[in-house]
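For the numbers below, each heavy atom of this structure counts, side chains included, while hydrogens, waters and symmetry mates do not. Chain letters run A, B, ... following the sequence lines, proteins first, then strands; residues in each count from 1.
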There are 2 protein chains.
Amino acid sequence: MKISAQEEYGLRCLVQLANLADGETLTLPQIAELEGISAANAGKLMWLLNKAGFVHSTRGTKGGYFLARPADEIYLNEIIKVLDEDVLSSHCDSYTGVMEKCVHTGDCGIRPVIVGLHEIVENALSRITLASLVGNESKVDAMFHQIQGLHRTLEPQRV
Amino acid sequence: MKISAQEEYGLRCLVQLANLADGETLTLPQIAELEGISAANAGKLMWLLNKAGFVHSTRGTKGGYFLARPADEIYLNEIIKVLDEDVLSSHCDSYTGVMEKCVHTGDCGIRPVIVGLHEIVENALSRITLASLVGNESKVDAMFHQIQGLHRTLEPQRV
DNA sequence: GCTAATCATTACTTTTTAGTCAAGATTAGC
DNA sequence: GCTAATCTTGACTAAAAAGTAATGATTAGC
């Protein structure tokens with residue numbers, strides 16, 4: 001499994017905007033500089049995020065980008081779905097119930113794996129706000145450690 | 001996030017072999033037919049799995065592929081790591097501790113997210129054997145439902 | 001209203017992944 | 001040993017993703 005470049009850098013750019021004080025904005029060259037990508041590339045990512053309503057922009061001198069909503073009201077699962085097809089996708093789209101691309105019958109062997117992975121990723125990302133990625137990392141770490149702690153209670157029964 | 005074609009179909013091919021009775025084998029055209037891919041493509045996947053020691057093969061008439069180890073001793077995390085870089089990878093490889101590709105400093109905002117997702121995926125896949133993907137799906141479903149049930153106990157505290 | 005700064009949009013290029021092909025090597029059975 | 005069936009391997013082609021470039025539209029400030 002892979003996190004695409006678009007997902008990773010799109011999310012990073014939003015984190016940079018979440019870092020801003022009220023009224024501040026960032027231009028494309030500024031975002032590009034902060035994230036180590038080209039301004040053209042940043043422009044493409046911001047265009048997607050703009051279309052999806054996560055950011056607003058103003059043109060001209062003193063223009064730039066800023067968040068369209070408070071960072072503590074934006075969850076990572078929403079962001080990822082804008083930057084890619086879904087939080088988790090595969091050639092077989094059985095987890096959506098649609099099955100368009102999948103040549104296999106309904107209950108192929110790996111279907112429950114894809115469905116299950118999709119659920120736990122969606123669940124984890126839907127608990128994390130953009131705001132929690134700003135400043136210290138302790139809150140997100142703690143959340144994942146809590147999940148991992150729970151998982152360890154399952155350790156004995158491998159299937 | 002995406003499950004690559006190589007991961008998906010490599011795993012599917014192994015499931016087909018796990019379905020065989022003792023002493024039976026499958027040829028490339030047979031695997032290709034079962035999975036709806038070309039024999040050439042199946043050949044490439046089986047080559048990877050052969051190199052990694054998951055399957056054995058015999059050439060010539062009556063040749064074919066079969067599992068090198070019992071299906072209940074093969075865990076999905078091992079398989080995925082052979083078919084792709086890791087169970088979860090991204091441009092930023094901070095979760096491995098190596099950081100070679102990543103231009104960002106050690107504590108960028110999204111690092112804990114990548115590390116956390118990597119952990120929960122690795123954890124889930126390390127609980128599932130190839131054998132459990134054969135026949136009925138109930139065991140894998142039950143495992144994921146158990147994980148999801150635990151996650152729901154966390155519901156109130158979003159970060 | 002002119003100019004410089006900035007975003008918006010589309011087309012293009014490069015890189016990576018996926019998939020195909022063909023020639024060679026091995027084996028079972030005659 | 002001959003033949004047909006089968007895997008092995010590397011080179012090739014096609015498709016998708018990532019990244020670049022260029023042109024146009026908008027705005028602040030003079």
Asker: If you assign B/Y65 and A/I37 each to the DNA chain D nucleotide with the nearest heavy atom, which residue ends up on the more 5' nucleotide?
Answerer: B/Y65
Asker: Counting only N and O atoms by type, is there a donor-acceptor contact under 3.5 Å from the side chain of B/E73 to the main-chain atoms of B/P70?
Answerer: no
Asker: Check every strand shown and say whether B/G43 touches a base, only sugar-phosphate, or nothing at a heavy-atom separation below 4.0 Å.
Answerer: nothing
Asker: Could you walk me through whether B/F66 and B/T58 pass the side chain to side chain contact (heavy atoms under 4.5 Å, CB included) check?
Answerer: CA-CA 9 Å; B/F66 54 98; B/T58 55; 4.2 Å; yes
Asker: Over how many whole Å does the gap from B/L28 atom CG to C/dT27 atom P extend?
Answerer: 16 Å
Asker: Just how far, in rounded Å, is P of C/dG19 from CD of B/E35?
Answerer: 13 Å
Asker: What is the base-pairing partner of D/dC30, counting Watson-Crick and G-U wobble geometry with both distances under 3.5 Å?
Answerer: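 Across any shown strand, D/dC30 pairs with C/dG1.
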Asker: Between C/dA8, D/dA21, C/dC21, spot the one nearest the side chain of A/S57, thanks.
Answerer: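 Of the candidates, C/dA8 comes closest.
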Asker: Kindly indicate whether the side chain of A/K62 and the base of D/dG29 share any N or O donor-acceptor pair separated by less than 3.5 Å?
Answerer: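 Under the 3.5 Å cut-off, the side chain and the base do not form any donor-acceptor pair.
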Asker: Does B/I31 reach a base, just sugar-phosphate, or nothing at all? Heavy atoms under 4.0 Å.
Answerer: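 Touches nothing.
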Asker: Select one nucleotide: of C/dA18, D/dA21, D/dA18, the one nearest the side-chain heavy atoms of B/S4.
Answerer: C/dA18
Asker: Do A/L11 and A/W47 sit in one hydrophobic cluster, given that two such residues count as connected whenever their side-chain heavy atoms are within less than 4.5 Å of each other, even indirectly?
Answerer: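 Per the 4.5 Å side-chain linkage, A/L11 and A/W47 are not co-clustered.
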Asker: Can you check the B/R59 CZ to D/dT6 C1' distance for me, whole Å?
Answerer: 9 Å
Asker: Indicate, with a heavy-atom threshold strictly under 4.0 Å, whether B/A5 touches base, sugar-phosphate, or nothing.
Answerer: sugar-phosphate
Asker: Ignoring backbone atoms, establish whether A/N41 has a side-chain N or O less than 4.0 Å from OP1 or OP2 of D/dA18.
Answerer: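 It does not, given that no N or O in the side chain of A/N41 lies less than 4.0 Å from OP1 or OP2 of D/dA18.
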Asker: Within this structure, what is the NZ-to-P distance between A/K2 and C/dA18, rounded to whole angstrom?
Answerer: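 After rounding, the reported distance stands at 7 Å.
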Asker: In whole angstroms, how far is the C1' atom of D/dT8 from the NE2 atom of B/H56?
Answerer: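 Rounded to the whole Å, the gap is 16 Å.
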Asker: Working note: A/F144 + A/I128, criterion side chain to side chain contact (heavy atoms under 4.5 Å, CB included); need CA distance, chi angles, decisive distance, verdict.
Answerer: CA-CA 10 Å; A/F144 275 113; A/I128 307 173; 3.7 Å; yes
Asker: To the nearest Å, give me how far apart CE (A/M46) and P (C/dT6) are.
Answerer: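 The distance from CE of A/M46 to P of C/dT6 comes to 15 Å, rounded to the nearest Å.
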Asker: Could you identify the nucleotide paired to C/dG19, looking across every strand shown and requiring Watson-Crick or G-U wobble geometry with both distances under 3.5 Å?
Answerer: D/dC12
Asker: C/dT26, OP1 or OP2 - any side-chain N/O from B/T58 closer than 4.0 Å?
Answerer: no
Asker: Of all the heavy-atom pairs spanning B/L45 and B/G10, show the shortest one and how long it is.
Answerer: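 Closest pair (atom of B/L45, atom of B/G10, distance): CD1-N, 3.9 Å.
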Asker: Base, sugar-phosphate or nothing for B/L48? Non-hydrogen atoms, less than 4.0 Å.
Answerer: nothing
Asker: Any side-chain N or O of A/W47 under 4.0 Å from OP1/OP2 of C/dT9?
Answerer: yes
Asker: Does B/Y9 make a side-chain N or O approach to OP1 or OP2 of C/dT17 shorter than 4.0 Å?
Answerer: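 For C/dT17, neither OP1 nor OP2 has a side-chain N or O of B/Y9 closer than 4.0 Å.
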Asker: In whole Å, I'd like the distance from the CG atom of B/L45 to the P atom of D/dC7.
Answerer: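 Distance, rounded to whole Å: 14 Å.
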Asker: Would one find a side-chain N or O of A/N50 under 4.0 angstrom from OP1 or OP2 of C/dC7?
Answerer: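 Checking A/N50 against C/dC7: no side-chain N or O falls below 4.0 Å of OP1 or OP2.
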Asker: Both A/S38 and A/G60 contact DNA chain D. Taking the nearest nucleotide for each, which residue is further toward the 5' end?
Answerer: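 It is A/S38 whose nearest nucleotide is closer to the 5' end.
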Asker: With side chain to side chain contact (heavy atoms under 4.5 Å, CB included) as the test, would you mind laying out the steps for A/L117 and B/L125 before giving the verdict?
Answerer: CA-CA 9 Å; A/L117 287 175; B/L125 291 179; 4.1 Å; yes
Asker: Look at the side-chain N and O atoms of A/T61 and state whether any lies under 4.0 Å from the OP1 or OP2 oxygen of D/dT27.
Answerer: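 For D/dT27, neither OP1 nor OP2 has a side-chain N or O of A/T61 closer than 4.0 Å.
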Asker: Rounded to the nearest angstrom, tell me the gap between atom NZ in A/K44 and atom C1' in C/dT10.
Answerer: 10 Å
